[in-house]
A.B. asks: 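First the structure, then my questions, so here it is.
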Amino acid sequence: MNNLLQELNSEQMKAVKQIEGPLLILAGAGSGKTRVLTNRTAYMIGECGIDPYNILAITFTNKAASEMRSRIDDMVGYGSESIWVSTFHSMCVRILRRYADHIGFSNSFTIYDTDDSKTVMKDVCKRLNIDTKQLSERYFLGCISSAKDELVSVEDMEKKAVYDSSFELVDRVYREYQNTLKKSNAFDFDDLIVKTVELFRSDPEVLENYQDRFRYIMVDEYQDTNTAQFELIRLLALKYKNICVVGDDDQSIYKFRGANIRNILDFEKHYKNATVIKLEENYRSTQNILDAANAVIRNNIGRKDKSLWTKKGRGERIHYRQLESAYDEADFITENIRKKKRDGELEYSDTAVLYRTNAQSRLIEERFIMAGIPYNVVGGVNFYSRREIKDILCYLKTIDNARDDLAVKRIINVPKRGIGATTISKVDMFAIANGLSFYEALKRADMYLPGKTYVKIREFVDMIEGFREEKDSLTVEDMLNNILDETEYIENMEASDEFDAKARVENIEELINKAVAFEEGNTFPEGTEIMDGSGDITEGMRESRLSAFLEEVALVADIDSVSDEDNRVLLMTLHSAKGLEFSDVYITGLEEGLFPGYMSISSDDDSDMEEERRLCYVGITRAEKNLVMTSARSRMVRGEVQYHAPSRFISEIPNELFDQKPRMPRIRREDIPSAGSMGPDRSVFHSKPYMLPESSQKNRTAVKSKPRATGMITRGADLVNTFEKPDYVPGDRVKHIKFGDGTVLALEKGKRDYEVSVDFDTYGVKKMFANFAKLIKL
DNA sequence: CGTACTAGTCTTTTT
DNA sequence: GACTAGTACG
């Protein structure tokens, strides 16, 4: 215990020992805030005699929670398992599972993800006869989500509509949307927070129960809290005022989802007698990197003044290169990483490539595959939002909560049972007319549907009822297998000979693996359980394993599944990178219009640009030793070529921090380190930037040439017959981005493109268009 | 009722 | 360019 304290600087020490009353820790990037939080927890228990049972620590992601959980476990030992370490969302789920009936819901509610919300909204708009061409579902969902972030209820919205009629329609939609959710016994993501606040406000007894339990509260990433979360914390801390928040206003990057930076800036106003401690010593980065970060963030006004410093030396200078195109940018990064790995300077896992938008990952991935660099992409399409996964999960949801209309409707004809749209709308009408749920209406199908259809529905209902009888005696794994057996889901999918049926089957297998892992308690990569079920808080809840599984699945974030065990380069958005650190960091696409994004440039609200700048600050401060920033003159955005000037953030960094003066008109190939290190067959990389595609395409690989042809110079006339013969012939070994290695069987000229048949080692024979397949000759 | 093709949208970022 | 929803047709 004591020697742990000795590793802290004086400010950190102060923060650790300040236990009673409100405390704001302004923790700059890399200033050791997790160390402070864990030490503080240990200090509370070991030195102050505080019962671990009375401590609550809240984070935003499961990953952050499980990291904190395991570090606290290591340090505290006995009793640490009764500390609540949790995300906002899972904390609220836990509370609602116990008390949702106090606010008119059933405790077995389901959680709707964004897709589900969209489906509901579509329904709502239809019912209210709203022309979604004029005002999209997205628009309404956005309005409702921000209303919830701000704790604006349907009733509040109605009051606003009295003064401003533009709220009228939104209010009607909002009301209908909430009613639909309630009928389905479902909460959307925002509701989890809002409804918990509602519960606390309406039921003082419940609130006090939790206030007494959580006498000591810590909140991480406080700058990202929205008004609803602020209120939730305020209520919980109201009685004892032992509230410690940690954050950095400079790292507030979630305004778009309602984060209110004023929560941290005004902490001292909200909590009288608050102690404020600034942590400015950085233990992560070199001084050059910190100077760059400080120089950028200095351009924001209205921030808490602070400046990062380190005892480390200046370190390496920052690299900035402007490349001709996004392809060159990807090449440049690939070569840099390859060279470093080859020279033994670092492992792949020491490196991260960051970008503003998810779409930017694709080019880099292609180059990484060609170069054989192992990588992982964080984000993009969520595993749980894949069609086959959602299908199967909806079976589980239906079994778990028959009131979840959405889930029932999704699976009633999957796999095909001959129950079509007409039948579904009849059932719907019957349900509405009689105030029943969709599933209940199905059960009474004999009353209003013709015999033939009724039989089909009867079979479906019987199957679900059968599953439901077993639900408490079976593991989630067995239940999944039963569902797959009975519905012949996999057989049906394979029969449909869909392009990627095999990959989908594998996804289902992966889901079963996750279910098994869940049963074993190894829910997250580190093998830690986020929320232990100890203490009286969960008692009496009697949540089934099925519910628990569905709940966990609903609340996972992309970043949660990132493990540092694999030696891979990580590709992710700047947003996802927050909280992580890497020896080498590449920030790509530093272009006006991309980063900062077009929206923030054209916005008349200055704070939009400030948010982009904070995002840049977050990116820079991820780097420990080596920071490489790149931009491209031209890049394909949404199918068209765009030309961008280098980002203003580059010019905000003083020249002397760079290894080369930026803003040079163009970078020549020869200037790029290690371009010459490539093997002879890689001559493709040496193409001159200005060579016309027509003359240089001949020896390119498919991957390279296709995007070039459309990307670089596209004039009307060139569009005719632009497709070229691939550089591989039958018998050649090739690589595909998704299917891996395979052997070319046949190549034939179609009318729009060459068609190629490939026998993939793991996926079997596939026929595809050559230009689309982007096969790489091995 | 199911399938195949077309048109439109998307791209800022996510629990 | 990629995916999705909607429509027309069998």
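Naming: A, B, ... by sequence-line order, numbering from 1 per chain.
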A.B. asks: With a non-hydrogen cut-off below 4.0 angstrom, is A/Asp608 in contact with a base, only sugar-phosphate, or nothing?
C.D. replies: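 No contact at all - A/Asp608 keeps every heavy atom at 4.0 Å or more from the nucleic acid.
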
A.B. asks: Determine the Euclidean distance between corresponding P atoms of C/dT4 and B/dT13; express it in Å to zero decimal places.
C.D. replies: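 Approximately 15 Å lies between the P atom of B/dT13 and that of C/dT4.
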
A.B. asks: A/Glu488: which residues meet the side chain to side chain donor-acceptor pair (under 3.5 Å) condition with it, sequence neighbours left out?
C.D. replies: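 For A/Glu488 there are no side chain to side chain donor-acceptor pair (under 3.5 Å) partners, ignoring immediate neighbours.
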
A.B. asks: Where do A/Ser607 and A/Asp605 land on the side chain to side chain donor-acceptor pair (under 3.5 Å) test, with the steps shown first?
C.D. replies: CA-CA 5 Å; A/Ser607 72; A/Asp605 185 354; 3.0 Å; yes

A.B. asks: Could I get the full list of ring pair (Phe, Tyr, Trp, His ring centres under 6.0 Å) partners for A/Phe430, not counting sequence neighbours?
C.D. replies: A/Tyr448

A.B. asks: For the C1' atoms, the ones on C/dG6 and on B/dT11, what distance do you get once it is rounded to whole angstrom?
C.D. replies: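 These two C1' atoms come out 22 Å apart once rounded.
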
A.B. asks: Quick one: what's the B/S/- string for nucleotides 3-10 of chain C, heavy-atom cutoff under 4.0 Å, read 5' to 3'?
C.D. replies: --S-----

A.B. asks: Among all residues two or more places apart in sequence or in another chain, which pass the side chain to side chain donor-acceptor pair (under 3.5 Å) test with A/Asn413?
C.D. replies: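 Listed in chain order: nothing, the list is empty.
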
A.B. asks: Going by ring pair (Phe, Tyr, Trp, His ring centres under 6.0 Å), name the residues that satisfy it together with A/Tyr177, two or more places apart in sequence or in a different chain.
C.D. replies: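 Per chain and number, A/Tyr177 pairs via ring pair (Phe, Tyr, Trp, His ring centres under 6.0 Å) with no residue.
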
A.B. asks: Contact class for A/Lys255 (heavy atom, under 4.0 Å): base, sugar-phosphate, or nothing?
C.D. replies: nothing

A.B. asks: Using a 4.0 Å heavy-atom cut-off to protein, can you give one letter per nucleotide of nucleotides 8-15 of chain B, 5' to 3': B if the base is in contact, S if only the sugar-phosphate is, - if neither?
C.D. replies: --BSBBBB

A.B. asks: Does anything in residues 128-148 of chain A pair up under ring pair (Phe, Tyr, Trp, His ring centres under 6.0 Å), and if so which pairs, sequence neighbours excluded?
C.D. replies: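 Sorted result for residues 128-148 of chain A: empty, none.
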
A.B. asks: Apply side chain to side chain donor-acceptor pair (under 3.5 Å) to A/Asn299 and list each qualifying residue two or more places apart in sequence or on a separate chain.
C.D. replies: A/Glu652

A.B. asks: Taking only residues two or more places apart in sequence or in another chain, which ones pass side chain to side chain donor-acceptor pair (under 3.5 Å) with A/Asp404?
C.D. replies: A/Thr110, A/Tyr112

